[in-house]
2 protein chains.
Amino acid sequence: MVTVTQRGCSSVSSSVPLAGHCAACGLRELCLVEGLSAAEIDRLAGMITNRRRLKRGEALFRAGDAFNAVYPVRLGFFKTCVSVQTGLEQVTGFPMPGDVLGFDAISTGAFQCDAIALQDSEVCVVPFERLETLSRQFDGLQHQLHRVLSREIVRDNRQMLLLGKMRAEQRVATFLLNLSKQFAQRGFSSREFVLRMTREEIGNYLGLKLETVSRAFSRLQADGVIAVDQKQLRIEDLERLSQIAGAGCPVH
Amino acid sequence: MVTVTQRGCSSVSSSVPLAGHCAACGLRELCLVEGLSAAEIDRLAGMITNRRRLKRGEALFRAGDAFNAVYPVRLGFFKTCVSVQTGLEQVTGFPMPGDVLGFDAISTGAFQCDAIALQDSEVCVVPFERLETLSRQFDGLQHQLHRVLSREIVRDNRQMLLLGKMRAEQRVATFLLNLSKQFAQRGFSSREFVLRMTREEIGNYLGLKLETVSRAFSRLQADGVIAVDQKQLRIEDLERLSQIAGAGCPVH
DNA sequence: CGTTTGTTTGAGTACGGTCAATGAATGTGG
DNA sequence: CCACATTCATTGACCGTACTCAAACAAACG
């Protein structure tokens, strides 16, 4: 895993001109690279001419911005949120390393949501036109692109089920389990991790108020299911957490 | 394997061997065909070797079914729903002519949701491997495919906002407005139309109980915003309906 | 014509939201 | 380094929206 040390500069985001090294990237299993041949990976990496670093709180893009590229997350943590004129705002996801940001923009050529860094982060800049060109030449890349797009649709559908049908505690339990699985996929501890987002952001994502999230955490802790200390979270009883979540896996 | 349950209809679906005539299809503006050159349309149409007709209540596919093709709707009305083992079920959409069914299946090679015909319907069968092959040759088709996929992501994000943030009456008003716009796009009346789905299916889609949907309808009718008689619906005051859908009670 | 399915409406309830107060953590500038 | 401000989190009391349960009715269907 590549670690990027941030100097204590208070500047805004910097563009990092640097050829992508997808073959060496620890996120191969998740990003656009999954399942590609060595030759395909080389060509994809050659296309990534720069990366972008963001400070906490900074926007990678905002709804309405012109669409040129998609952004695989290399490092850090984001939130994406859609909103309507009236001020309603919905957090639609918490992208983490390996996830790709920006696919919502293909349909209209402008981003449809905001993407905000929840901590200092780094993304690859993948010019979308060149990605389309390359995926016309390599069917492996083409199919992987389709799979990543499809995966996002499936994830959204599951979130709709959570928002439409689950009760508060069940939503929170499902959220923690999903986080846990995602950390496991990325080689981090699935049992203990840091919640990069606030209670309010969690609540927004889950269709709950922050107080309800806090109460759910307290209750789960009182029952010995989790141990939570501010943003630090440990799963004490995975079995029971899964029960509460309702074995929230899709049926086949 | 999943069994296909049929509700109250005796005949199964029929396959209709027939070359697609995309150029002549009234849904050109919506389907995969949008923005393609005549040559591209011809090639796409040549790939569609058959269609499929479904009776009301019949499943086009079920979660777990093997994925081979995507299905542009030619005629009729569908619902798609995801579920979990515990029995929770969420309606994720009501695809209508011009919409394309099945993109959720690309990610795993198996469908992730059920697609049920709400009335006698007809779809084109587009073998997905051939669609990928063709979209490697025609960048117009490739880009349109990406746009359709992206559009589904955007729509899902908006539905997450509805489910996470809106109040009951606001959800119902938004639902009716969306339907109205979709009918308009397809050349039907945007002011008066038939609700092809039951109150329960609407409620499921909107994260509400059927009684709540019914009450919302009654209230909107009492206020002179809509006129509803069973499945027949007429929008009486579009301005006010938009207000209710958009200008919900300011949360903050 | 009877049965099933779908819709409307009412009464009571519960879950999560609202409001409010307190405290902890983080960050800033003197 | 500390004082202060700000953000974030927890907890309690109360309230309101949407759910639950129930009954009556309408429509669709065999």
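A note on names: the letters A, B, ... follow the listed sequences, proteins ahead of strands, and every chain is numbered from 1.
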- Phosphate OP1/OP2 of C:dT7 contacted by B:Lys231 side-chain N/O (<4.0 Å): yes

- Give the B/S/- string for nucleotides 11-20 of chain D, one per nucleotide from 5' to 3', where a protein heavy atom under 4.0 Å of the base yields B, of only the sugar-phosphate yields S, and otherwise -. BBB---SSSB

- Item | Atom pair distance, as rounded to whole Å: CD in B:Gln232 and C1' in C:dG6 | 17 Å

- Query: Should A:Arg199 and A:Glu201 count as an ion pair when the cut-off is N to O under 4.0 Å?
  - Reply: no

- So, for B:Ala245 and B:Leu177, which heavy atoms are closest and what is the spacing to 0.1 Å? CB-CD1, 3.5 Å

- Task: Quickly work out the A:Glu200 CD to C:dG17 C1' distance and round it to whole Å.
- Result: 14 Å

- Does C:dG16 have OP1 or OP2 sitting under 4.0 Å from an N or O in the side chain of A:Arg219? no

- Please determine if a side-chain N or O atom of A:Arg199 lies less than 4.0 Å away from the OP1 or OP2 oxygen of D:dA9. yes

- Message: In this structure, how many angstroms lie between the P atom of D:dT7 and the CZ atom of A:Arg56, rounded?
- Response: 12 Å

- Item | Ion pair check, A:Asp99 and A:Arg151, cut-off under 4.0 Å | no

- Task: Round to a whole Å and report the spacing from CG of B:Leu233 to P of C:dG6.
- Result: 19 Å

- Scan for side-chain hydrogen bond (donor to acceptor under 3.5 Å, both in side chains) pairs involving residues 214-224 of chain B, sequence neighbours excluded, and state none if there are none. none

- For the pair made of CD1 in A:Ile202 and P in D:dC8, what is the distance, rounded to whole Å? 12 Å

- Task: Any chance you could measure A:Ser121, atom OG, to A:Arg196, atom CZ, to the nearest 0.5 Å?
- Result: 9.0 Å

- Query: A:Phe217 CZ to D:dT10 P: how many Å, rounded?
  - Reply: 8 Å

- Please collect all ring-ring contact (aromatic ring centres under 6.0 Å, His included) contacts where either partner lies in residues 77-102 of chain A, sequence neighbours excluded, each pair once. A:Phe94-A:Tyr205

- Task: For B:Asp229 and C:dT8, give me the distance from atom CG to atom C1', rounded to whole Å.
- Result: 13 Å

- Query: How close or far is atom P of C:dG16 from atom NZ of A:Lys165, stated in whole angstroms?
  - Reply: 15 Å

- A:Lys55 and A:Asp120 ion-paired at < 4.0 Å: yes

